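All values reported here derive from a predicted model rather than from experimental measurement. Only this structure's heavy atoms are used, side chains among them; waters, hydrogens and symmetry mates stay out.
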Amino acid sequence: GNVAKNPTLNTHIHEGRSNTSLVRLNDNGYEDLVIAIDPGVPEDGKLIEQIKDMVTTASTYLFEATQKRFFFKNVSILIPENWEGSPEYKRPKHESYEQADVRVAAPALPGRDEPYTRQFTECGEKAEYIHFTPDFVLGKKQNEYGPSGRLFVHEWAHLRWGVFDEYNEQKPFYSGKSKKIEATRCSTGITGKNRVYKCQGGSCTENFCKINSTTKLYEKDCQFFPNKVQTEKASIMFMQSIDSVLEFCNAENHNQEAPSLQNIKCNFRSTWEVISNSEDFKNTTPMAAPPPPPVFSLLRISERILCLVLDKSGSMSLYNRLNRMNQAAKYFLLQTVENGSWVGMVHFDSAASVKSELIQIKSDSEKNKLLESLPTVALGGTSICSGIAAAFQVIQKLNPQIDGSEIVLLTDGEDSTTGSCADAVKQSGAVIHLIALGPNADSAVTEMSIETGKHVLATDEAVNNGLIDAFGALTSENADPTQKSLQLESKGLTLNNDTWMNDTVIIDSTVGKDTFFLITWEKQPPSISLWNPNGTLTEAFTQDTLSKMAYLRIPGTAQVGTWTYSLQAKANTEILTMTVTSRAANSSVPPITVNAKMNKDTNSFPSPMIVYAQVLQGYLPILGASVTAIIESNSGKTQVLELLDNGAGADSFKDDGVYSRYFTSYSENGRYNLKVRAHGGTDSARRSLQYPLNRAAYIPGWVVDGKIEQNTTRPETTEDTQTILENFSRTASGGAFVVSQVPDTTNVPLPDLFPPSQITDLDATSEGDQINLTWTAPGDNFDVGTVRQYIIRISGSIIDLRDNFDDALQVNTTDLSPKEANSKETFAFKSGNISEENITHIFIAIQSVDKSNLTSKVSNIAQVALFIPQADPGPDESQPNPNPGESHPNHDSGVNISTVVCQWWGLLCLLWLLVLF
């Protein structure tokens, strides 16, 4: 069911992706790593010094850990605009806060300083960014997380190579083949004590761990305390803070039994095997000499400099394009662009003209001056290079270097000459945001192969509001999130004379400042009514009949609650749109945000794509929201997908605030555009206060000379710590992506080349001689539809089941009829006849088959133990307790199960023996 990516499709375009990292590997060294300090972090010169120290020690540790392959060569530290200037600070080029690899920002919750990587893609794929808190960088959390340089390497492995943690706080213990309860770790050579350690009022007690009768594992308050002095060298993805740990687990010492995320996500491969399979590894050979220390550049964010480059060629007179461009540009100038920015304007057809030099926007008077400069007539040919050259001249008057300045290029045109300035654009260091309008703007863009900025497609279907969404997405990549314009609503309808467009918009308490309602029409001004949550009619909208739009800015902070609007069309086949934006109500309360992306920018049929949308408040995930993706093709056809945060199908982790879904319903070749809506309904959406995934292990304490020395306990979080949120709504543009090799489907449906998605959440428990399975149903095409059948197989060996699934013993599933995708499935069977000798566990996996006989990848492997494990004093205390039954009343009384061979009876016979004893 795996479809190879098309190797010829390498038009390297970053399409508004959220992980457009600038990092490149060059001769073993990582270049252009960006570490950004959040604008909300108070100025502290020590932070910069500590970042340098962290990266410098990390570079040496990384070099040794990767067998002399990789190091950090040059690093940019991005300093906020509100920090004092200094002669050594330069102006950034493409580096921006949004694209940074590492963010130094306040903790998601006060006092919660765990360093983590925002990672929600597959094993072996790059993650989004690393989040460190200022206290962590300043070395105030060294006891709990170990030295920052080593920890940076742990997080870098998440970020760059897509490996996962080898500890698991949800499953800290497991029953091993040794018939003992083992701590989840890698490698098993790491020694320590399993203990319940409690301190109250200055005195501490240390107790052996008790076994829970249901899970047959240790009770919840049992923890693994590692020995401070060890000799084991692996693994960095378990606990890099142990002094002796210098390596990643490899195929020789990897612990395949542990229920770690690395095993679950990477199919029981060790972290070093995944790293060795990466592009980075394949493109390098070990170095002979040690590397030089990293070189740092200090870049201070400065005022935004931006030039609009607007196409007014003859084809802009078609499909109402010129007027729609003006509506969207006015919206951008009135509402999106941040105060303090410098904005200029250029028009072009076959030649270019400068309509406004750069003006700094401080109030409405500057905005109005720019609004008056928009084009009124569309005539002539298309020369994109002329437009860009004119924009460079405008920018150079303020920023002679150009680099780091932005150009917003809107074009609808085929222009075969764009290749002529492609190099100049690359050399300039300018960030080019491209808005491609209509179906023919494609070739120009491919010619230029612009690698920076946001790329959005807007079709000629005005009802989809694509142009306004595109301009709304162009907020500054460096502005404080509390200063940015956020889209709450964006929708359109085609109506007949006297029919109504009635709806509501929710304004939640995290926004409400500078709230802006924008209405556009195509033919006649509609009648407009807007009521605030009290039911009071607002004042009249400002009408701009020339551009066919009307708008209203709510003074002060808009009232929280449901606003209601009614628009009545005054012409037949009228298209009305409504856009609502706002900013954070309070600079100290982060607003709820949604951002969206596809898993890649270019793709070829029949490989699937994945839509991701993150719903966050600051850095806290928002759960339980209703999230939909609207995907529009080049010709304006739209598909709507419900995105899910259920940890199944395309969604990597349940309840992490990332909502995902496969997209396979391609209708044509060419560009597609993504837009996402997130809505929190009453009592449904809530903030997750769980610890983030993919973080460094918290160390509860160390065993020193046989005694536990405890670290400060971290703030407790329980499953129930979720605060219910009020209602909210957001929309966001996710940029464009390009699909090729879609067969012509004029008279025939697409061939079924899409298998069911892999089941990733299979879970097994045993009850007497019965094994109970649960999982989330996949679909006929990945996660849509219903599969035809499930094949369940079992084995006594995890690796046999993984590598030779088709030869393993099949379970009878005639009574199991599959449910629709994303339903919960359950199935129970008697374990019966595993005929392998001396087995300690039964391993189970599932494969799904669809109606075209396409099979899914084999699921994750679930397991049940066939014995009651022995409580273990701890890996370092190899002397068995002479009377285990006395000190641990929960023990089985020393039956050595491995001497009993139950050749044909499997679990039944074992359980019977255990009952006897």
Side-chain angles (χ1 to χ4, degrees), residues 144-146 154 164-198 206-212 215-245 247-249 253-264 268 270-271 691 693 695-704 706-711 713-714 798 840-841 863 865 867-881 884 887-888 890-891:
E144 296 91 322
Y145 298 103
H154 175 102
F164 293 89
D165 288 322
E166 289 174 323
Y167 67 90
N168 187 342
E169 286 181 8
Q170 264 60 56
K171 297 180 178 174
F173 297 100
Y174 65 98
S175 52
K177 279 190 186 138
S178 59
K179 310 236 171 53
K180 287 180 178 161
I181 299 177
E182 297 277 4
T184 301
R185 64 198 193 284
C186 197
S187 73
T188 49
I190 298 284
T191 58
K193 286 181 173 184
N194 302 323
R195 291 289 187 274
V196 177
Y197 192 80
K198 292 240 162 82
E206 179 184 328
N207 291 308
F208 286 116
C209 299
K210 294 196 168 88
I211 292 184
N212 174 313
T215 63
K216 317 268 192 301
L217 296 171
Y218 290 136
E219 291 282 11
K220 206 164 121 215
D221 51 4
C222 178
Q223 288 179 299
F224 173 67
F225 292 89
N227 288 329
K228 187 80 177 143
V229 179
Q230 309 250 3
T231 53
E232 182 55 49
K233 288 185 176 175
S235 168
I236 289 168
M237 295 315 289
F238 171 60
M239 213 176 263
Q240 75 295 328
S241 46
I242 295 170
D243 287 347
S244 64
V245 168
E247 295 172 2
F248 292 95
C249 262
N253 57 15
H254 179 60
N255 176 6
Q256 286 178 322
E257 294 187 333
S260 65
L261 268 182
Q262 173 63 23
N263 274 334
I264 295 162
F268 305 95
S270 68
T271 48
Y691 288 110
L693 291 156
R695 61 187 184 276
Y698 166 81
I699 307 147
W702 298 100
V703 179
V704 181
K707 290 194 179 64
I708 291 175
E709 291 182 0
Q710 192 185 25
N711 285 326
T713 52
R714 58 178 177 175
I798 211 164
T840 57
H841 294 73
Q863 61 183 51
F867 56 90
I868 296 175
Q870 300 172 22
D872 178 33
D876 66 328
E877 296 167 29
S878 46
Q879 300 307 319
N881 193 312
S887 64
H888 303 290
N890 331 50
H891 259 183

Asker: If every non-hydrogen atom of Lys216 is compared with every non-hydrogen atom of Ile181, which pair is closest and at what distance?
Answerer: O-CD1, 3.9 Å

Asker: Counting N and O atoms only, with roles assigned by atom type, does the side chain of Gln710 sit under 3.5 Å from a partner on the main chain of Gly701, one being a donor and the other an acceptor?
Answerer: no

Asker: Taking the side chain as every heavy atom from C-beta outward, state whether Phe224 and Pro172 have any atom pair closer than 4.5 Å.
Answerer: no

Asker: Once rounded to the nearest 0.5 Å, what's the spacing between atom CG of Asn255 and atom CZ of Phe238?
Answerer: 10.0 Å

Asker: Tyr698 vs Tyr145 aromatic rings, parallel, tilted or perpendicular, using cut-offs 30° and 60°?
Answerer: perpendicular

Asker: Please determine whether side chain to side chain contact (heavy atoms under 4.5 Å, CB included) holds for the pair Phe225 and Asn194, giving the CA-CA distance in whole Å, both sets of side-chain angles, and the decisive distance to 0.1 Å.
Answerer: CA-CA 6 Å; Phe225 292 89; Asn194 302 323; over 6 Å; no

Asker: What pair of heavy atoms forms the shortest contact from Phe268 to Gln256, and how long is it?
Answerer: O-NE2, 3.2 Å

Asker: Kindly indicate, with the supporting measurements, whether the criterion side chain to side chain contact (heavy atoms under 4.5 Å, CB included) is fulfilled by Asp221 and Lys198.
Answerer: CA-CA 9 Å; Asp221 51 4; Lys198 292 240 162 82; 3.3 Å; yes

Asker: Less than 4.0 angstrom from a charged side-chain N to a carboxylate O is my criterion; do Lys193 and Glu206 meet it?
Answerer: yes

Asker: Look up atom CG in Asp243 and atom CG in Asn227, then write down how far apart they are to the nearest 0.5 Å.
Answerer: 12.0 Å

Asker: Where the side chain of Thr184 meets the backbone of Lys171, is there a donor-acceptor pair that is under 3.5 Å apart?
Answerer: yes

Asker: What distance separates Phe173 CZ from Glu219 CD, expressed to the nearest 0.5 Å?
Answerer: 11.5 Å

Asker: May I ask you to establish whether Arg185 and Tyr167 are in a cation-pi arrangement, using a distance under 6.0 Å from NZ or CZ to the six-membered ring centre and at most 45° from the ring axis?
Answerer: no

Asker: Tell me whether Asn711 contacts the main-chain N or O of Ile699 through its side chain, where contact means a donor paired with an acceptor under 3.5 Å.
Answerer: yes

Asker: Using every non-hydrogen atom in the two residues, find where Pro700 and Gln223 come nearest and quote the distance to one decimal.
Answerer: CB-NE2, 3.5 Å

Asker: Checking side-chain polar atoms at under 3.5 Å, does Glu247 have a donor or acceptor matched by the opposite partner on Ser235?
Answerer: no

Asker: Compute whether any side-chain donor of one residue and acceptor of the other, for Glu232 and Thr191, lie under 3.5 angstrom apart.
Answerer: no

Asker: Taking C-beta and beyond as the side chain, do Ser244 and Thr231 meet within less than 4.5 Å on heavy atoms?
Answerer: no

Asker: Do the non-hydrogen side-chain atoms of His154 and Met237 ever get within less than 4.5 Å of each other?
Answerer: yes

Asker: Tell me the closest heavy-atom pair linking Cys209 and Tyr218, and the distance in Å.
Answerer: CB-CD2, 3.4 Å

Asker: Counting C-beta onward and ignoring hydrogens, is there a side-chain heavy-atom pair between His254 and Glu166 closer than 4.5 Å?
Answerer: yes

Asker: Where do Ser175 and Lys179 land on the side chain to side chain contact (heavy atoms under 4.5 Å, CB included) test, with the steps shown first?
Answerer: CA-CA 6 Å; Ser175 52; Lys179 310 236 171 53; over 6 Å; no

Asker: Distance check, rounded to the nearest 0.5 Å: Ile242 atom CD1 versus Ile236 atom CD1?
Answerer: 11.5 Å

Asker: Quick check for you: to the nearest 0.5 Å, what is the distance between Leu217 atom CG and Ile211 atom CD1?
Answerer: 8.0 Å

Asker: Do you know the tightest heavy-atom contact between Val245 and Gln240?
Answerer: CG1-CA, 4.1 Å

Asker: Mind running side chain to side chain contact (heavy atoms under 4.5 Å, CB included) on Tyr174 and Ser260 for me, showing each step along the way?
Answerer: CA-CA 10 Å; Tyr174 65 98; Ser260 65; over 6 Å; no

Asker: Output the distance between atom CG (Asn263) and atom OG (Ser270), rounded to the nearest 0.5 Å.
Answerer: 9.5 Å

